[in-house]
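Everything below concerns the one structure shown next.
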Amino acid sequence: MAWTRDQMAARAARELEDGFYVNLGIGIPTLVSNFIPEGMSVQLQSENGMLGMGPFPYEGEEDPDLINAGKQTITALPTTSYFSSADSFGMIRGGHIDLSILGAMQVAENGDLANWMIPGKMVKGMGGAMDLVAGVKRVVVVMEHVARNKDGTESPKLLKACDLPLTGTHVVDLVITDLGVFTIDKKGEGGMRLIELADGVTEAEIRARTEAAYTVALD
Amino acid sequence: MAWTRDQMAARAARELEDGFYVNLGIGIPTLVSNFIPEGMSVQLQSENGMLGMGPFPYEGEEDPDLINAGKQTITALPTTSYFSSADSFGMIRGGHIDLSILGAMQVAENGDLANWMIPGKMVKGMGGAMDLVAGVKRVVVVMEHVARNKDGTESPKLLKACDLPLTGTHVVDLVITDLGVFTIDKKGEGGMRLIELADGVTEAEIRARTEAAYTVALD
Amino acid sequence: MKKVYSDATAALADLLRDDMTIMCGGFGLCGIPDELIDAVRASGVKGLTVISNNAGIDGVGLGKLLETRQVAKMISSYVGENKEFARQFLAGELEIEFNPQGTLAERIRAGGAGIPAFFTKTGVGTKVAEGKEVRDFDGEAYVMERGLFADLALVHAHRGDTEGNLAYRMTARNFNPMMATAAAVTVAQVEHLVRPGEIEPDHIHTPGIYIGRIVHVPVREKRIEQRTTRKRAEAAQAAAGGGAV
Amino acid sequence: MKKVYSDATAALADLLRDDMTIMCGGFGLCGIPDELIDAVRASGVKGLTVISNNAGIDGVGLGKLLETRQVAKMISSYVGENKEFARQFLAGELEIEFNPQGTLAERIRAGGAGIPAFFTKTGVGTKVAEGKEVRDFDGEAYVMERGLFADLALVHAHRGDTEGNLAYRMTARNFNPMMATAAAVTVAQVEHLVRPGEIEPDHIHTPGIYIGRIVHVPVREKRIEQRTTRKRAEAAQAAAGGGAV
């Protein structure tokens with residue numbers, strides 16, 4: 001038993017607050033927009049130059065001039081504004097975005113994050129990930145708890161230290177996996193702390209599949 | 001005999017070229033706009049955030065939202081665009097303005113310029129002058145050849161070295177005074193060169209009223 | 001999230017405190033948040049550091065805060081139009097830090113954009129560069145300037161929607177857009193308050209994310225500092241004869 | 001000063017040379033100056049350094065210059081969508097310098113604004129900071145990044161007037177405004193060419209001073225990289241039940 005992608009997204013949505021400006025990464029983070037509580041004002045930023053991102057367009061209504069950072073066609077809302085890439089990343093780097101929810105390959109117990117390159121494989125580039133983790137007020141990672149290798153084995157993704165090239169150091173505040181939720185005291189000495197278990201998951205199971213040291217503070 | 005203010009402005013206007021973007025300072029430089037040759041496209045920049053500055057408004061048509069850097073009411077043209085102060089000085093600092101014509105208290109033979117403060121007097125501030133002289137491609141100074149003191153004596157303004165606090169170092173390309181015109185090799189070793197005499201002015205008169213060393217290269 | 005406040009006093013009530021740093025938009029008297037300034041004056045807070053290109057004129061704009069001695073320090077590029085300013089400065093009652101106008105604008109933009117420092121040619125070899133790092137890049141000398149960030153920014157816009165999206169008008173834009181980005185809280189005074197969607201999204205100059213609070217202040221009278229005009233006769237003459245050198 | 005050229009080939013004819021550096025606007029295939037890219041391809045210039053957030057896709061946008069091996073180096077943030085790119089890179093035929101997207105955008109803005117270097121938090125402690133100065137400001141580490149300036153910038157806009165004033169549309173704005181400012185010559189491809197005054201001066205995104213040449217290229221077909229849609233039925237369902245966690 002573990003959380004589904006939708007359950008992980010729903011858990012991530014509990015980090016939202018009324019009036020928040022939020023940047024969602026590709027994959028599970030994108031699903032978070034489906035779980036914004038009714039009546040809560042949350043504006044989504046797309047780092048290619050848009051605030052107030054709407055849902056996908058109806059078929060036949062796609063506009064090539066209106067895409068998100070994943071290059072997907074999207075729509076505007078009454079609250080929408082457009083701006084340049086420089087202004088967009090000024091917004092990100094300047095700490096004006098309240099929350100960034102993104103995926104990761106590895107997270108270390110000190111808050112280090114790796115999600116952009118695997119040595120020996122073709123590197124596609126970091127896009128806006130380094131800017132987001134360095135600039136946004138609060139960074140939430142949503143990812144599978146372990147990586148599944150081609151030979152059927154699994155590798156932990158919550159590590160003592162990342163061995164992949166870093167996207168940022170001391171940047172992650174919260175990690176949501178299919179097995180549970182961890183806080184990280186990224187700037188302090190508090191380390192990583194397990195605060196929630198996914199439905200039907202035991203602390204023993206998490207311990208077995210986690211390399212990082214963590215304390216336990218379940219409700 | 002010497003040039004009038006209008007004659008100085010007219011001489012400065014000969015530095016204009018078709019397609020130029022130009023910033024004009026307060027005083028005589030402002031008069032240069034009256035001497036833009038017919039059919040020549042010259043767009044005036046106002047550093048408070050406007051390109052394509054038009055003439056003063058007709059009486060009764062002043063708009064408080066439309067002023068120049070001297071805080072005077074002005075008008076727009078079909079070519080006009082507005083932008084922020086940061087964008088305006090990005091334009092200036094980035095070297096996109098072709099020509100700046102401004103006044104000065106002192107100019108040194110190496111191109112140093114002083115025009116913003118007199119020690120012991122109330123300082124009003126440099127405004128945009130330091131940005132303009134550092135950033136604009138070509139800097140033309142229009143000023144009286146000498147300063148008239150309260151006791152009736154006069155002090156040279158073209159000096160070996162400025163003694164007033166500097167606005168910029170190695171920045172002036174051309175000086176137009178009521179007595180003549182000088183070029184300055186601001187980045188090189190060529191020094192200051194007298195290239196024109198005002199109507200009825202002799203080289204001897206200029207020499208007597210100039211402290212700076214200069215060579216003579218009259219046509 | 002309700003950003004709209006009934007008036008300037010309500011919008012600023014819990015934000016003001018002694019010795020805080022306030023950015024104030026405007027160039028001369030053009031595009032100044034005058035009603036917000038009035039509310040700062042009425043609050044009586046003092047010891048303020050005010051970052052503003054100019055210092056208003058006597059009895060108008062920031063001039064009002066000078067009259068009441070609420071300002072301890074100004075960071076500005078030009079303050080020439082204010083007699084009370086001159087008096088306080090010469091009496092040593094007021095500190096002033098002059099910045100070149102473009103450096104001031106860029107320092108504010110940098111502060112809002114998470115850039116703690118940048119290099120510029122402006123001011124190299126002058127008093128402005130004293131005590132600052134000067135460094136060569138590609139054979140040219142540049143001085144390092146720091147970003148600016150305030151506790152509070154007060155801005156003025158022509159139109160604003162209830163989401164905080166702003167659009168400025170003509171040269172009343174000036175320092176307002178950067179200042180809106182460079183403070184812990186930004187309060188906007190808008191001449192026209194509209195619903196979200198009424199400002200075309202391509203025409204929004206300041207996205208709502210930067211605006212914490214917004215106050216609708218319909219225009220009464222805007223002051224003009226230098227009323228300069230031409231006469232119709234002159235204009236006709238200029239059009240007929242004008243242009244030739 | 002006539003800025004308007006009859007077509008892309010004419011506009012670029014005397015500007016192109018081997019080994020030059022070209023900035024190219026756009027994000028993915030959105031807001032790319034495709035006709036100008038075609039003209040670069042047709043010219044046959046090679047050894048190019050291209051500064052662009054992405055590298056197009058196979059056979060579209062900058063992908064066309066990769067096919068013909070005209071590009072020696074890319075400065076980009078993400079190049080994931082291009083097989084030919086991957087092939088050339090892995091074969092050592094193509095150099096790539098990855099920049100974080102925001103750092104790339106800011107480096108270009110800095111280049112255009114006369115700022116040779118600035119500090120940013122982005123990339124501190126990562127490969128991006130290797131070999132660069134890292135410095136503490138107020139207890140936090142920042143890396144120094146340099147401004148970028150090109151020989152030529154190619155940009156795309158929705159509307160442009162004959163003076164070179166440009167207005168972009170929606171997210172097709174992206175890197176175009178900064179790139180327009182950061183090159184010795186900028187050439188703009190516009191979908192609609194209008195007379196000066198037809199674009200409201202408060203709505204101009206790029207003032208004409210930055211645009212050296214302009215080409216009118218009416219829209220034929222714009223490519224979409226990821227066509228994502230929702231069905232009307234789904235939407236109705238979402239509207240009825242949606243929102244609750």
Checklist line | Geometric cation-pi criterion Arg230(C) and Phe56(B), 6.0 Å radius, 45° cone | finding: no

Notebook entry, point to check: chain C heavy atoms under 4.5 Å from Met117(B): which part of the residue, side chain, backbone, both or neither?
Noted result: side chain

Checklist line | Toward chain C: residues of residues 64-75 of chain B with heavy atoms under 4.5 Å | finding: Pro64(B), Asp65(B), Leu66(B), Ile67(B), Asn68(B), Ala69(B), Gly70(B), Lys71(B), Gln72(B), Thr73(B)

Next item on the list: Could you look at Glu140(C) and say if it's the side chain, the backbone, both or neither that has a heavy atom under 4.5 Å from chain B?
Entry: side chain

Margin query: As an exercise: rank Leu166(B), Asn48(B), Asp112(B), Thr167(B) by heavy-atom pairs under 4.5 Å with chain C and give me the winner.
Written below: Asn48(B)

Next item on the list: List in chain and number order the residues that pass ring-ring contact (aromatic ring centres under 6.0 Å, His included) with His170(B), two or more places apart in sequence or in another chain; answer none if no residue qualifies.
Entry: none

Margin query: Using 0.5 Å steps for rounding, measure from the CZ atom of Arg232(C) to the CD atom of Glu59(B).
Written below: 9.0 Å

Margin query: Once rounded to the nearest 0.5 Å, what's the spacing between atom CG of Leu132(B) and atom OG1 of Thr122(C)?
Written below: 8.5 Å

Notebook entry, point to check: Can you say whether Glu61(B) sits under 4.5 Å from chain C via the side chain, the backbone, both, or neither, judging by heavy atoms?
Noted result: side chain

Next item on the list: Answer with side chain, backbone, both or neither: which region of Pro57(B) has an atom nearer than 4.5 Å to a non-hydrogen atom of chain C?
Entry: both

Item checked: CG (Leu77(B)) with more than 12 external heavy atoms under 6.0 Å -> yes

Next item on the list: For chain B, find which of Thr103(C), Leu90(C), Ile108(C) contributes the most heavy-atom pairs closer than 4.5 angstrom.
Entry: Thr103(C)

Item checked: Any Phe85(C) side-chain heavy atom under 4.5 Å of Met122(B) side chain -> yes

Next item on the list: For chain B, find which of Met178(C), Arg223(C), Lys121(C) contributes the most heavy-atom pairs closer than 4.5 angstrom.
Entry: Met178(C)

Margin query: I'd like to verify something: which residue of Glu225(C), Lys127(C), Arg169(C) has the highest number of heavy-atom pairs under 4.5 Å with chain B?
Written below: Arg169(C)

Notebook entry, point to check: Side chain, backbone, both or neither: which part of Phe27(C) has a heavy atom under 4.5 Å from chain B?
Noted result: both

Item checked: Side-chain donor or acceptor of Asp131(B) paired with backbone N/O of Gln101(C) under 3.5 Å -> yes

Next item on the list: Write out, in numerical order, the residues from residues 123-130 of chain B with a heavy atom short of 4.5 Å from a heavy atom in chain C.
Entry: Val123(B), Lys124(B), Gly125(B), Met126(B), Gly127(B), Gly128(B), Met130(B)

Note to self: Under a 4.5 Å cutoff for heavy-atom pairs, which residue among Val171(B), Asp6(B), Thr169(B) has the most contacts with chain C?
What the structure shows: Thr169(B)

Margin query: Need one label for Ser46(B): side chain, backbone, both or neither, based on atoms under 4.5 Å from any heavy atom in chain C.
Written below: neither

Next item on the list: Rounded to the nearest 0.5 Å, what's the gap from CD on Gln226(C) to CD on Glu62(B)? Could you check?
Entry: 12.5 Å

Next item on the list: Answer yes or no: does atom NZ of Lys83(C) have more than 12 heavy-atom neighbours from other residues, nucleotides or ligands under 6.0 Å?
Entry: no

Check: Does anything in residues 83-95 of chain B get under 4.5 Å of chain C by heavy atoms, and if so which residues?
Finding: Phe83(B), Ser84(B), Ser85(B), Ala86(B), Phe89(B), Arg93(B)

Next item on the list: Among Gly168(B), Pro165(B), Pro55(B), single out the residue with the greatest number of heavy-atom pairs under 4.5 Å to chain C.
Entry: Pro55(B)

Next item on the list: Give the member of Gly60(B), Gly39(B), Ala134(B), Gly49(B) that has the highest number of heavy-atom pairs under 4.5 Å with chain C.
Entry: Ala134(B)

Notebook entry, point to check: In terms of heavy-atom pairs under 4.5 Å, which option from Ile96(C), Asn174(C), Val79(C), Asn82(C) contacts chain B the most?
Noted result: Asn174(C)

